[in-house]
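For reference, the structure discussed in these notes is given below.
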2 protein chains.
Amino acid sequence: MPPAAPPRRERLDRDRVLRAAVALADEAGLAAVSMRGLAQHLGVVPMALYKHVADKDELIGGMVDVVLGGIEPPDPALGWKDAVRERVLAARRAVLRHPWARRAIEASTRRTPVVLGHMDAVAGGLRAGGLSPDLTHHVMHALGNRIWGFSPELFEEPAPAHPPTPEEQEAMAREFAQRFPHVLEIAVAATEGDLGRVGGGCDEQFEFEFALDLLLDGAERLHRAGWTSAARRPVARSSQRP
Amino acid sequence: MPPAAPPRRERLDRDRVLRAAVALADEAGLAAVSMRGLAQHLGVVPMALYKHVADKDELIGGMVDVVLGGIEPPDPALGWKDAVRERVLAARRAVLRHPWARRAIEASTRRTPVVLGHMDAVAGGLRAGGLSPDLTHHVMHALGNRIWGFSPELFEEPAPAHPPTPEEQEAMAREFAQRFPHVLEIAVAATEGDLGRVGGGCDEQFEFEFALDLLLDGAERLHRAGWTSAARRPVARSSQRP
DNA sequence: ACGCTAGGTGTACGGTGTACGCCTGTCAAC
DNA sequence: GTTGACAGGCGTACACCGTACACCTAGCGT
């Protein structure tokens, strides 16, 4: 009999590894998910993980799968456009539950069955609306990462290293206003919306749905207009004469 | 006198470092741009670089600046929509000159003057068309990374590690067709376009312009319809009744 | 009772970014 | 001239990363 049976934690399996990785990323950020860090979190030696996961890339691919596993399918009674919209927003909800998920999706090059499944579902939703395979393909491209429920984080502030003195801040603001007036303008426009927002922040959910609807409505218009790829352009150019 | 004057390469400066980094990335990929690798490329010890660049993140930010410096401004005679379109496509051309640039832009969290300048120019183009700051803001968000001339690489194949045997391939294809029929369908649609393309590849330039025009045309429609954020939706939902 | 094997261990290698201190060539001011 | 500051390149060192390889061991089917 082994002396005092050291609290033999139950054996690992792939699922336990993945869930632990997700939990670790949730509480300490994606950067904390190193093979060593994760192993320690599981009370195990780093190389043990490689018995369940091929390499780090597959690990984060698996983490993405776990997150995407929580996507609930849309109400089947919905029309095609709303169904696609709902599915994408469901993906968004799943992704937003884990702050690190966007970055992980972007980083992972893997095309897992879960990922393909979601893509297939979205494409199927468009096809169900009668869009041709061709148009569906282009719309999928147009949606881009929005299929996953997020758009690229263009406007995120990286938090200044050293909080500048008021004078510096004043001077920087002045120079900024002079060099980038339009960026300033739209930033201001974003803050004076409904309610007094914190500086620089804007309603990301609204921005997302705005873009999503812009694309889906555009797709619907093209479809109704009988668009085919022969035209090689969504609509006529703005210049009225050819 | 120093013996035989060892071929004293001229002193480094920030610009030389950045250009060397770009050249190195061009010929050996972004992964080859490590502080050590770049230093060796310059015939210098790694730590020497830190006299010209704060850290690696700033280095790649600087590389992005170099690439984005090559964006030529659009013909001032163009209408606002075409001007924005042209500017974005110019950014795309600049980025596509360097295969690593997409990834670098995504990776870099820095908001350099060059980056802000481009954003400001695009926003200014929309404002010049009469769009309100508010609508301009939303459209900028909708454009997302397309401002930089690329959309997320959703459909890129990571090249299978071990080329499978024909039987395996057959079996995989069969299962794929069953599980992801719509993905398969649109992939096929992409290949049987104009000319016989290589498998899986599609005309990325067309996809890009398709999405870009879908968004710009949508923006124009909203603007002409006098859109304000009060509506909180680009257009009426597809269900006709409220 | 035996041996196979799945799974956890230990060590080691080559890579990374970068903090810290030294050393030296250049140049301005005395 | 001589001096002293200082910009810029050098060397060492640290902590961390992913992972290849060999080994050991518990548990199980035969």
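Just so we're on the same page: letters track the sequence lines, and every chain starts at 1.
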Checklist entry - Relative to the ring of H138(B), is the ring of F206(A) parallel (under 30°), tilted (30 to 60°) or perpendicular (over 60°)? => result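 Plane angle over 60°, so perpendicular.
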Next on the checklist: Parallel, tilted or perpendicular, judged at 30° and 60°: which one describes the rings of W100(B) and H98(B)?
Outcome noted: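 Aromatic pair W100(B)/H98(B) classed tilted.
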Pairwise side-chain contact, [X] with [Y], heavy-atom cut-off 4.5 Å (strictly under):
X       : Y       : value
V115(B) : W148(B) : yes
R16(A)  : H52(A)  : no
L30(B)  : M63(B)  : yes
R92(B)  : F208(B) : yes
I105(A) : V95(A)  : yes

Could you check how far [atom1] of [X] sits from [atom2] of [N], rounded to whole Å?
X      : N       : atom1 : atom2 : result
R11(A) : dA26(D) : CZ    : P     : 12 Å
L12(A) : dA26(D) : CG    : P     : 18 Å
R14(A) : dG7(C)  : CZ    : P     : 13 Å
L42(A) : dG8(C)  : CG    : P     : 10 Å
L49(B) : dA19(C) : CG    : C1'   : 15 Å
L38(A) : dC17(D) : CG    : P     : 11 Å
E58(A) : dG18(D) : CD    : P     : 15 Å
K51(B) : dC20(C) : NZ    : P     : 13 Å

Item to check | Donor-acceptor contact present, side-chain D120(B) to main-chain H182(A), <3.5 Å | outcome: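 Looks like yes, one N/O pair under 3.5 Å.
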Checklist entry - When you check every protein heavy atom under 4.0 Å of nucleotides 12-18 of chain C, what one-letter string (B, S, -) results, 5' to 3'? => result B---BBB
Item to check | Five-pair end axes of the helix from dA1(C)-dT30(D) to dC30(C)-dG1(D) and the angle they enclose, rounded to 10° | outcome: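 Roughly 10°, once rounded to the nearest ten degrees.
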Item to check | H52(B) side chain near dG9(D) phosphate (N/O to OP1/OP2, under 4.0 Å) | outcome: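 Yes, such a contact exists.
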Next on the checklist: Taking R102(A) first and then E106(A), would you say they form a salt bridge - that is, a charged N and a carboxylate O separated by under 4.0 Å?
Outcome noted: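 No salt bridge links R102(A) with E106(A).
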